[in-house]
Amino acid sequence: MSESQSSPTFAFSVERDGATGTVVARGEIDLASSPEFREAIHGLVDDGVRRLVIDLDAVSFIDSSGLGVLVGALKRVQEQGEDGGLVLRGLSGPALRVFEIAGLDQVFVLTS
Amino acid sequence: MSESQSSPTFAFSVERDGATGTVVARGEIDLASSPEFREAIHGLVDDGVRRLVIDLDAVSFIDSSGLGVLVGALKRVQEQGEDGGLVLRGLSGPALRVFEIAGLDQVFVLTS
Amino acid sequence: MTVPETADETPRAAPRGVELRIPADAAYLRLARLAAADTAARVGLGADAIDDVRLAVSELCALMTGSRTGIILRFEGDDGCVVVEGRGAPGPGIEGENGELARVLVEAVVDELRFEAVDGHATFRFTKQVEV
Amino acid sequence: MTVPETADETPRAAPRGVELRIPADAAYLRLARLAAADTAARVGLGADAIDDVRLAVSELCALMTGSRTGIILRFEGDDGCVVVEGRGAPGPGIEGENGELARVLVEAVVDELRFEAVDGHATFRFTKQVEV
Ligand SMILES: Nc1ncnc2c1ncn2[C@@H]1O[C@H](COP(=O)(O)OP(=O)(O)O)[C@@H](O)[C@H]1O
Ligand SMILES: Nc1ncnc2c1ncn2[C@@H]1O[C@H](COP(=O)(O)OP(=O)(O)O)[C@@H](O)[C@H]1O
């Protein structure tokens with residue numbers, strides 16, 4: 001497991017188990033923190049991860065740039081073929097509301 | 001038990017058991033919130049409370065006006081005579097540091 | 001939006017509301033959100049409405065980040081209504097899909113909204129009312 | 001402290017740091033603390049030092065609350081050092097025991113401090129450095 005913290009209020013950890021990668025994000029995902037988040041996710045997919053779990057349980061804020069990162073992640077895993085998939089875990093509160101407004105709660109697979 | 005919330009970031013509850021009163025404070029005690037805090041404490045003493053417990057465990061910030069309220073509370077209970085006493089409970093972190101700088105950690109009875 | 005008339009040495013008498021000036025850099029969006037949420041809470045908006053104001057200010061400021069000027073924000077709260085005004089220059093994020101999504105989100109969460117970006121100037125104004 | 005030279009319609013180019021203008025009212029101390037803590041965190045100060053900056057800004061602004069003018073704060077962070085400047089008018093809290101205690105606390109938690117209150121004007125400037 002590796003840990004990263006780009007801004008004082010955003011951090012994430014990455015775990016890898018074969019073709020499955022889990023990213024646990026904490027804090028605020030905005031224009032300042034989303035580039036590092038995107039890079040980590042792209043790195044996993046480039047490195048052979050096909051099933052991606054992104055845990056947003058401890059994410060208190062997400063903006064359009066954060067949504068863009070997740071939409072991009074979905075596209076990337078789907079491009080890997082039939083076995084590619086992305087699950088968003090623990091989405092709730094203010095972050096879930098942003099997904100609903102954008103209509104993206106219908107686009108992603110959400111689990112608790 | 002009664003609940004009160006003067007500012008969006010300060011709240012306290014009051015419990016009374018005979019001559020013992022317990023005030024549990026939460027959040028930030030500053031010039032905006034300390035007047036209501038002072039009033040509640042004075043009210044208890046005026047109402048016959050002799051032993052006062054003030055719980056500061058969930059207090060994340062206290063300024064000089066908050067310290068003034070507590071020094072005032074100590075004087076008031078001591079004026080009630082031999083049986084008067086004040087205990088500060090759960091003081092820790094940033095709030096404890098302010099007490100230490102002011103030398104007030106030596107003046108009050110602190111418990112965990 | 002009111003801008004100080006002259007460079008006098010003392011603050012204007014009895015100012016209303018809050019003014020925040022930040023560099024047009026993503027690192028300061030968080031402070032813009034904190035100021036927005038603080039104003040909304042002081043006016044008495046509920047938790048969801050506070051989140052809405054926070055999101056709107058963040059997205060609108062993000063549209064102005066990366067420009068060469070700063071961003072000036074004014075926050076006022078009266079009678080259960082928050083008014084936020086902002087001024088800066090359009091940033092690169094204003095174009096493209098994320099800029100569009102940003103505007104969709106803002107329009108969904110505020111009451112009245114004006115956003116203009118012309119001739120290198122960007123301004124916005126929105127209101128958010130306490131639910132009754 | 002820099003004050004805008006003229007009332008031009010656009011923000012000054014490439015401003016450094018953050019400027020916050022608040023009414024001289026206790027209800028706005030929390031926002032001053034939020035801005036202080038945000039600047040201190042961005043510069044990389046540790047948790048205790050962030051608390052110190054938060055306390056110092058709060059106490060110094062409290063000495064200016066209740067006056068009839070507003071409070072202007074500037075926050076800059078460079079090279080692991082936070083510089084905070086403030087300007088307003090002396091408030092009633094500047095006299096008496098709490099005002100004294102406020103200054104004792106501020107002096108204990110910041111590195112360099114200047115605080116002046118003369119002729120109805122109050123100004124301060126302090127610095128806080130990252131521990132090495
Ligand atoms: N608001 C949006 N609506 C629909 N699709 C979007 C939106 N934002 C981003 N996307 C899609 O997500 C993809 C990823 O966006 P982005 O994260 O900006 O780039 P990247 O492909 O480098 O991750 C884009 O190619 C785009 O098709
Ligand atoms: N900084 C201080 N140092 C020593 N004593 C203080 C200080 N601040 C307040 N006090 C004491 O605490 C008492 C209470 O202060 P305050 O809360 O302002 O008034 P009240 O008596 O109405 O509670 C004052 O009478 C004063 O003697």
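Values in this document were obtained by computation on a predicted structure and should not be read as measured data. A, B, ... follow the sequence lines: proteins, then strands. Residue 1 opens every chain.
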Problem - Within-4.5 Å side-chain heavy-atom neighbours: D:E19 and C:L20 - result: no
Handout entry: Non-neighbouring partners of C:D78 that pass salt bridge (Lys or Arg N to Asp or Glu O under 4.0 Å), sequence neighbours left out
Key = C:R16
Handout entry: Side-chain heavy atoms of C:R21 within contact of D:V18, under 4.5 Å
Key = no
Handout entry: chain D interface, residue from C:L31, C:L34, C:T39 that has the most non-hydrogen pairs under 4.5 Å
Key = C:L31
Problem - Distance-minimising heavy-atom pair for D:P23 and C:G17 - result: CD-O, 3.2 Å
